[in-house]
Structures are given as C-alpha cells and as structure tokens.
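First the structure, in the form of structure tokens, and then the observations on it.
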Number of protein chains: 2
Amino acid sequence: MKAGSAQWWRARYAARERQRPRAGGLELGRITRAALEIVDAEGLAALTMRRVAEEIGVRHTSLYRHVASRDELLVELVDHVLGEVVPQTTGRGWRADLEQAAWEFRRVLLAHPAIVPLLTLGQLLGPHALRGREFGLGLLTRAGWAPSRAVHIYLTVAHFVIGTALLGTGGAARGAEERTAMTELFAGLPQYPLVRELAEPLNIPDGDQEFDFGLTALLNGMGDPR
Amino acid sequence: MKAGSAQWWRARYAARERQRPRAGGLELGRITRAALEIVDAEGLAALTMRRVAEEIGVRHTSLYRHVASRDELLVELVDHVLGEVVPQTTGRGWRADLEQAAWEFRRVLLAHPAIVPLLTLGQLLGPHALRGREFGLGLLTRAGWAPSRAVHIYLTVAHFVIGTALLGTGGAARGAEERTAMTELFAGLPQYPLVRELAEPLNIPDGDQEFDFGLTALLNGMGDPR
DNA sequence: ACCTGAACACCGTTCAAGT
DNA sequence: ACCTGAACACCGTTCAAGT
C-alpha cells in the first residue's frame, strides 16, 4: 500500500487507535522528532534510516517495527510539521482570516524548507492537515460561501501557499552570489533580451512580496459570497 | 558546485559552447532522451544511472563523462522536457495569450508527471526555460505592463502552474478507489464535520476545473495595464 | 512484543587501465 | 578523448534469533 494514499491513511488511523505504547518503549513521536532535527540541520539527503536510529540511540532495523518504510516516515514527518501551524481568527472578516491563515501556513513551511518537497509525496490527510482543512472550510462557509465555492477557494489558496514555498525554498532560493552569477549569465545570452533587461527585478529575492502580490490578486479576483 | 544553481548554469552554457561532439559518440541528448523514457514509463525511482546506461547500451560509469552526477542529469532532464512547451500568441490580447501559455505549460507538465517534482531541484535557467520566460515577459510588456509588474505577473502565473501540477500529480492524484477510501476515512473521523460534509466536492478529481478557477481569479485580480 | 545482528540486493561515485 | 572494470562506501529492507 502506497504511503500517503487515502487507503494508507485509513489503515494508519485505525492502527493508531489500536496501539497502546508500552512505557519506556520507542514510539513514533520520538522518531519523527529526531527526523525533523536532522532534516532541519542537514537537509533531506541526510535523512537516512541509519542516521535517525543513531540520533535516537537504537539500531536502524528497530525503526521498521514502527514504520514500514522510509516513505512512511517521510509522510508522518510532514504531518508532524503541519502541527506547528496554528491558524487563528482575526475578528476582521473572512478575507483577513484567510490571509492570516495563509501567511501562518507559509511561515511554518519556510521554517522547515527541507520538508516542503515532501508535501507532494502523498495526500495531506493526517490529523494536523485535516485540522487546518476544517479551519479553512469553517471560516469560508460561515462567511456565506456556497460549499463547492468554499472548497475551490480553500484548495486554490492552499496550493498557492505550497507552490510558492516549493519554488522559493531549496534550489530556487537566491543568495547574493547567486544573483551576481545570474547577472553574468544573462550578460552572455543576447538571445533573451527581455530576460537580460529585467534581470534585476527577476532576481530580487523577495519571496514575501511576490507572495503578497499573488495572494492579493487571487482574493481580489474571487469576489464576495453571494 | 550545486547542480541547477545560477553558477552551475553559467559553467554549463560555457561548456556547451566549447564542446564539439565526435561522430558516433555518446552525447547528452541521447542520455536525457533515455532518461525521459524510463521516467515516463516507470517513475522517478526507476531512474538510476545503471538503468539509463543499460537503456543506451553502455556501462553506467561512462555516463559520468557527460554528466557529473545524477543531480546534473535530473536538472538537464527538466530543461529537456521544457522544450516541449510551445507557447503561441492568439491574436486576442495579452490575457488570452497568457492563459494559453499557462495551459500549454500545464499540458506538458501533466504529460510527464514524474518530472514535476524535479522543477524545484534548481533554478529554471536552461535554454528552454529562458525561451518561455522571454515569451511571457514579451507579451506582458508589449501589452503595456510596467516592467516590474510584468515580472510579478509572470512569476506568479508560472509558480501557480507548477504548484497546481505538483499537487495534482504524484501522490495527490486521485483514482476511483482512492475516492471511496477517502469517504470511508472521513466517515470514521467525526472530529472534522465540515471535511466530512464536503468530502464529495473535495474529492472530485477535476484538476482542470480547479486550475481554471484559480487562473481566472488570479487574472481577474490583477486588473489591466495602466 | 520489541530489539538486535547478520545478510542481501542495489545504489552513486571514483579511478586506474585500456583503446 | 572516450569507454571499461573493479572497487568503495553507503543505502533500504528482510528475517531468524534473542530477551
């Protein structure tokens, strides 16, 4: 069964209910916490089963009693990080609430850049993901949006947050020396005059500004609940 | 030097100019073409150096003469796929042109779902990526958008296309049995009443409709060139 | 029930040797 | 200049054996 699929999640929830952890034993939380530490400090490539086990002080084969594969561990890690998202209502209407939730989601993702690519590994159906989903749908339906419209808006904004985080972290992130390298690169490519001319605004590494621009346009374009 | 970084691309362009391939020899194009075949048919996990070499009929260590690492191969593969994007003007104004380009970009990504996650590996600075960038910036500036505005619009739309493709392909893609599994999953989770109530619209696997909704909202919200 | 040890198949990458 | 062969270090995963 593929880790992160709906079928997998269903089995996972059932197993979690059945489970009674014994005192002093290794549990899933200890594993995901160790995994997050490694991934935050050293990146995704450093996250091996052996490395996680070493961090905890156990043989790496022991992990397979709690997690069926590395992929399962990664899926669990994603929902663990999603637990840091704490959406709150603002008292200033649905649009302000949605914007605040989007920025809060973005904040958490940027705090753990290495796990962002993992969001595409499976479906976001863990307890923390569903908590966020419930919150978003709640504020939209309470504002008067029709159910199918609320779903569309929720999914579009969520995907926008994830998409911009994906492109803004990792390989696409721009430092100072990256920017000078880019200028030099474009200088040697006369085939693309506009790319060269607009090199400066293209390379300003202000992801927050771009995020603000896109989110505002998105919400402007959606109108109001009938 | 990190594959996909601006510095890497700079060296890569320079090396490509220097290169004179000898007749009958192995060249990069042959490698990326074999890689794409494998990845389309069997997914990203099947794309090993040994497998690519086998497909071509050569020892796997030979690949390292043309590509410094597996990561380099993946970055080259991305730009290779981007070559399939053929944006065209419509004669119906900048907005129609931009929408058409966005759909064309989406079409190519969905045709090669396994490579979509690779778009986040490095910067999109290959020749085909820059060709698309030049096209997008061209149609926007010709329409009268101020340069910095054109850049924002271009980046936002491009990131939107990639973001929705990322979440719509791979693990998040929904088949029929996935949807029934999701219904059963929600039925057992009374903690999330709205998620359960809206399960049906949430699980309709119509990515095109969601894409259309988001793209329209985005462009609606951007207004017109001054 | 949980952890350990040994083992398996398979990776990416390096490098001296051939032509 | 390019390809080959052998080798290295390191993976994820399985499973019988211990407690």
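Here is the naming used below: chain letters follow the sequence lines, and residue numbers restart at 1 for every chain. Note that this is a predicted model, so its numbers are computed, not measured.
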Upstream residue (5' side of DNA chain C) when T48(B) and R59(A) are each assigned their closest nucleotide: R59(A)
Ring geometry between F211(A) and W103(A) (parallel below 30°, tilted from 30 to 60°, perpendicular above 60°): perpendicular
Distance, rounded to the nearest Å, where L44(A) contributes CG and dC11(D) contributes P: 13 Å
Separation of dC10(D) C1' from L47(A) CG (nearest whole Å): 15 Å
Which nucleotide in dG12(C), dC3(C), dT13(D) has an atom nearest any side-chain atom of V58(A): dC3(C)
For atom CD of E72(A) and atom P of dG12(D), their distance in whole Å: 15 Å
Distance, rounded to the nearest Å, where E54(A) contributes CD and dG12(D) contributes P: 13 Å
Contact under 4.0 Å: R65(B) side-chain N or O vs dC3(D) OP1/OP2: no
Side-chain donor/acceptor contact of S69(A) with base of dG12(D) under 3.5 Å: no
Integer-rounded Å distance: dC10(C) P and H60(B) NE2: 14 Å
Short N-O contact, E54(B) and R50(B), less than 4.0 angstrom: no
Exam field: side chain S5(B) to backbone M1(B), donor-acceptor pair closer than 3.5 Å: no
For DNA chain D, stems built from three or more consecutive Watson-Crick or G-U wobble pairs below 3.5 Å: C:4-8 with D:12-16, C:12-16 with D:4-8
Salt-bridge contact E104(B)-R107(B) (side-chain N to carboxylate O under 4.0 Å): yes
Interatomic distance where CG belongs to L74(B) and C1' belongs to dG12(C) [whole Å]: 12 Å
Flag, side chain of R10(B) to backbone of F186(A), donor-acceptor distance under 3.5 Å: no
Which nucleotide in dC11(C), dT13(D), dT4(D) has an atom nearest any side-chain atom of R50(B): dC11(C)
Rounded interatomic separation in angstrom, taking CD1 from I31(B) and C1' from dC3(D): 12 Å
K2(B)/D71(B) salt bridge by N-O under 4.0 Å criterion: no
Length of the CE-C1' vector between M49(B) and dT14(C), whole Å: 13 Å
dT4(C) OP1/OP2 closer than 4.0 Å to side-chain N/O of S62(A): yes
Heavy-atom donor-acceptor pair, D40(B) side chain to H112(B) backbone, under 3.5 Å: no
